[in-house]
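Got a structure for you, written out below as structure tokens; questions coming shortly.
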Amino acid sequence: MSDPAVVLDDLRSESEEVDRMVDGLSGAGWAAPTPAEGWTVAHQIAHLAWTDRAALLAATDPGAFAAETEKALAAPGTFVDEGAEEGAALPPDELLARWRAGREQLQRALREAPPGARFPWYGPPMSAISMGTARLMETWAHGQDVADALGLVREPTDRLRHVAWIGVRARDYAYLVRGITAPAEPFRVELVAPDGREWVYGPPDAAQRISGIALDFCLLVTQRVHRDDTGLRTEGADAERWLSIAQAFAGPAGPGRPAESSGPGRPAESPGPGRPAEGAAR
């Protein structure tokens, strides 16, 4: 995908879906606990607003972003939680207004970025497309936490293709953060999209193969579900091992979630709240 507008349009739609879940919530709704331990619905929205602000700084003021990075390096285990805590303490209307304004500012900045521009980030520099994809993935993943907290079941959409793509691209990163050498050969991933089409990645003759429903794969690589609670099928020991460690976000290796008899997309203990969900750069 080479057109940032396509990704950014989908990011806007994904954000609006999450927005509708929280718009008009009572105070009790905003305070509802989510699968991320210690995080309420307010924390989830505050984290999205916080990360949008960081992305906006990266796109418009690299110097200010560098200063934020120094803060992160000084407190690697707490800076994300502190940002969410600060936002969650705001009145819900103010928090929601802050998220809405920030995400629209980021939209404008990424749409107006010159072709080929790359922005600093907590990992490798990213293009407008990769930044938009990472923001969409994180919005979708934290939106799942909000939906779980509120007892909502979301209809999967074609926007999952961005989450699946970045999950595939981040395969080797999952090995890297665990100090494991990634397999040299490419894998084949075949996913059934929400509309019944097939999304495929990797060579057709690959020995290591993953197949199944796209939603299951996306929940797994964002660590919103345990491997055993998916219907994903594998061929090859390396493919199965990857699914046991897969993560499409930057940061330390997440332990994943415990198996749940309730199945994919249901509340479960978080692998650790608020890690920036970024993936391989486009």
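Computation of the quantities below employed the complete heavy-atom set of this structure, encompassing side-chain atoms and omitting hydrogens, waters and symmetry-equivalent molecules. Values in this document were obtained by computation on a predicted structure and should not be read as measured data. For this chain, numbers begin at 1 and follow the sequence in order.
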**Report entry** Cluster link Trp30 to Leu152, ILVMFWY, side chain under 4.5 Å
**Finding:** yes

Report summary line: For Pro120 and Pro62, the nearest pair of non-hydrogen atoms, with its separation, is CG-CB, 4.3 Å

Query raised in the report: Are Asp19 and Arg12 ion-paired here, with the side-chain N under 4.0 Å from a carboxylate O?
Result: no

Query - Any side-chain heavy-atom pair of Leu56 and Asp52 under 4.5 Å - result: no

Query raised in the report: Do Glu14 and Arg135 touch side chain to side chain, with heavy atoms closer than 4.5 Å?
Result: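 Side-chain contact under 4.5 Å: no.
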
Query raised in the report: Do Ser130 and Ser127 have side-chain N/O donor and acceptor atoms under 3.5 Å apart?
Result: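 There is such a pair between these side chains.
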
Query raised in the report: Is there a donor-acceptor contact under 3.5 Å from the side chain of Gln208 to the main chain of Ala239?
Result: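 Checking the backbone N and O of Ala239 against the side chain of Gln208, a donor-acceptor pair under 3.5 Å is found.
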
Requested in this report: Could you grab the distance from atom CZ of Phe79 to atom CD of Glu68, nearest 0.5 Å is fine?
Outcome: 9.5 Å

Query raised in the report: Cluster question for you: counting only ILVMFWY and a side-chain heavy-atom cut-off of under 4.5 Å, with indirect links fine, are Leu106 and Leu8 together?
Result: yes

Requested in this report: Take Trp39 and His142, measure what side-chain contact (heavy atoms from CB on, under 4.5 Å) needs, and give me the verdict at the end.
Outcome: CA-CA 11 Å; Trp39 277 31; His142 287 279; 4.2 Å; yes

Report task. Apply salt bridge (Lys or Arg N to Asp or Glu O under 4.0 Å) to Asp205 and list each qualifying residue two or more places apart in sequence or on a separate chain. Result ->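 Partners of Asp205 by the salt bridge (Lys or Arg N to Asp or Glu O under 4.0 Å) criterion come out as none, since no residue qualifies.
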
Report summary line: When rounded to the nearest 0.5 Å, the distance separating CD1 of Ile210 from OH of Tyr201 is 12.0 Å

Query raised in the report: For the atom pair CG (Leu220) and CZ (Arg227), what is the distance rounded to the nearest 0.5 Å?
Result: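 Between Leu220 CG and Arg227 CZ, I get 7.0 Å after rounding to 0.5 Å.
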
Report task. Just jot down the side-chain hydrogen bond (donor to acceptor under 3.5 Å, both in side chains) partners of Thr234, sequence neighbours excluded, or say none. Result ->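 Listed in chain order: Glu240.
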
Query raised in the report: Under a 4.0 Å N-O cut-off, is there an ion pair linking Arg111 with Asp9?
Result: yes

Requested in this report: Verify side-chain contact (heavy atoms from CB on, under 4.5 Å) between Met126 and Phe119, making sure each step is shown before the conclusion.
Outcome: CA-CA 5 Å; Met126 294 201 289; Phe119 313 116; 5.6 Å; no

Report task. Could you pull out the closest heavy-atom pair between Ala182 and Asp172, with the gap in Å? Result ->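 Closest heavy-atom pair between Ala182 and Asp172: CB-OD1, 3.5 Å.
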
Report task. Check the surroundings of atom CZ in Arg159: do more than 12 heavy atoms from other residues, nucleotides or ligands lie under 6.0 Å from it? Result ->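 Enclosed.
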
**Report entry** Heavy-atom closest pair, residues Leu215 and Pro156
**Finding:** CD2-CG, 4.3 Å

Query raised in the report: Cluster question for you: counting only ILVMFWY and a side-chain heavy-atom cut-off of under 4.5 Å, with indirect links fine, are Leu95 and Val41 together?
Result: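 In one cluster: yes.
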
Query raised in the report: With a 4.5 Å heavy-atom cut-off, do Trp199 and Asp158 have their side chains touching?
Result: yes

Query raised in the report: Can the ring centres of Tyr122 and Phe65 be said to be less than 6.0 Å apart?
Result: yes

Report task. Output the distance between atom CD (Gln144) and atom CD (Gln44), rounded to the nearest 0.5 Å. Result -> 10.5 Å

Report task. Give a yes-or-no answer on whether the side chains of Glu138 and His47 include a donor-acceptor pair shorter than 3.5 Å. Result -> yes

**Report entry** Heavy-atom neighbours of Arg209 CZ exceed 12 at 6.0 Å
**Finding:**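 Atom CZ in Arg209 is packed in, count exceeds 12.
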
Query raised in the report: Side chains of Pro203 and Pro186: does their closest heavy-atom pair fall under 4.5 Å?
Result: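 Yes. Closest side-chain heavy atoms under 4.5 Å.
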
Query - Side-chain heavy-atom pair Trp99, Val18 within 4.5 angstrom cut-off - result: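 Sidechains of Val18 and Trp99: in contact.
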
Query raised in the report: Are the side chains of Leu219 and Asp229 in touch, meaning some heavy atoms are under 4.5 Å apart?
Result: no

**Report entry** Spatial distance of atom CH2 (Trp140) from atom CD (Glu17) [nearest 0.5 Å]
**Finding:**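 The CD atom of Glu17 is 10.5 Å from CH2 of Trp140, to the nearest 0.5 Å.
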
Query raised in the report: Which atoms form the tightest heavy-atom contact between Thr34 and Ala149, and what is the distance?
Result: CG2-CB, 3.7 Å

Query - Leu191 and Val189, any side-chain heavy atoms less than 4.5 Å apart - result: yes

Requested in this report: Any side-chain hydrogen bond (donor to acceptor under 3.5 Å, both in side chains) involving residues 85-97? Give me the pairs, sequence neighbours left out, ordered by first then second residue.
Outcome: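 Counting only pairs at least two positions apart or across chains, the side-chain hydrogen bond (donor to acceptor under 3.5 Å, both in side chains) contacts touching residues 85-97 are His43-Glu85.
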
Query - Val80-Val177 co-clustered via ILVMFWY side chain contacts under 4.5 Å - result: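 They do not share one cluster, since no chain of ILVMFWY contacts under 4.5 Å joins Val80 to Val177.
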
Query raised in the report: Which value, rounded to the nearest 0.5 Å, describes the distance between Thr133 atom OG1 and Leu11 atom CG?
Result: 9.0 Å

Query raised in the report: What pair of heavy atoms forms the shortest contact from Leu110 to Gly132, and how long is it?
Result: CD1-N, 4.2 Å

**Report entry** Heavy-atom pair of closest approach, residues Val225 and Asp216
**Finding:** CG1-O, 4.4 Å

Query raised in the report: Just wondering, do Phe217 and Val168 contact through their side chains at under 4.5 Å, heavy atoms?
Result: yes

Query raised in the report: Are Arg161 and Trp165 in a cation-pi contact, defined as NZ or CZ under 6.0 Å from the six-membered ring centre and within 45° of the axis?
Result: no

Report task. Walk me through it: do Arg100 and Leu96 pass the test side-chain contact (heavy atoms from CB on, under 4.5 Å)? Result -> CA-CA 6 Å; Arg100 287 169 174 170; Leu96 186 54; 3.4 Å; yes

Report task. Just do the side-chain contact (heavy atoms from CB on, under 4.5 Å) check on Ile245 and Tyr175 with the steps written out, would you? Result -> CA-CA 8 Å; Ile245 62 172; Tyr175 290 91; 3.9 Å; yes

Requested in this report: Determine, for Phe187 and Arg171, whether the Lys NZ or Arg CZ falls below 6.0 Å from the six-membered ring centre while staying within 45 degrees of the axis.
Outcome: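 Here Arg171 passes the 6.0 Å and 45° test against Phe187.
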
Requested in this report: Run the salt-bridge test on Asp148 and Arg224 with the 4.0 Å N-O cut-off and return the result as yes or no.
Outcome: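 Judged by the 4.0 Å cut-off on N to carboxylate O distance, Asp148 and Arg224 do not form a salt bridge.
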
Query raised in the report: Are Val200 and Trp242 connected in a single hydrophobic cluster, I mean Ile/Leu/Val/Met/Phe/Trp/Tyr linked by side-chain heavy atoms less than 4.5 Å apart?
Result: no

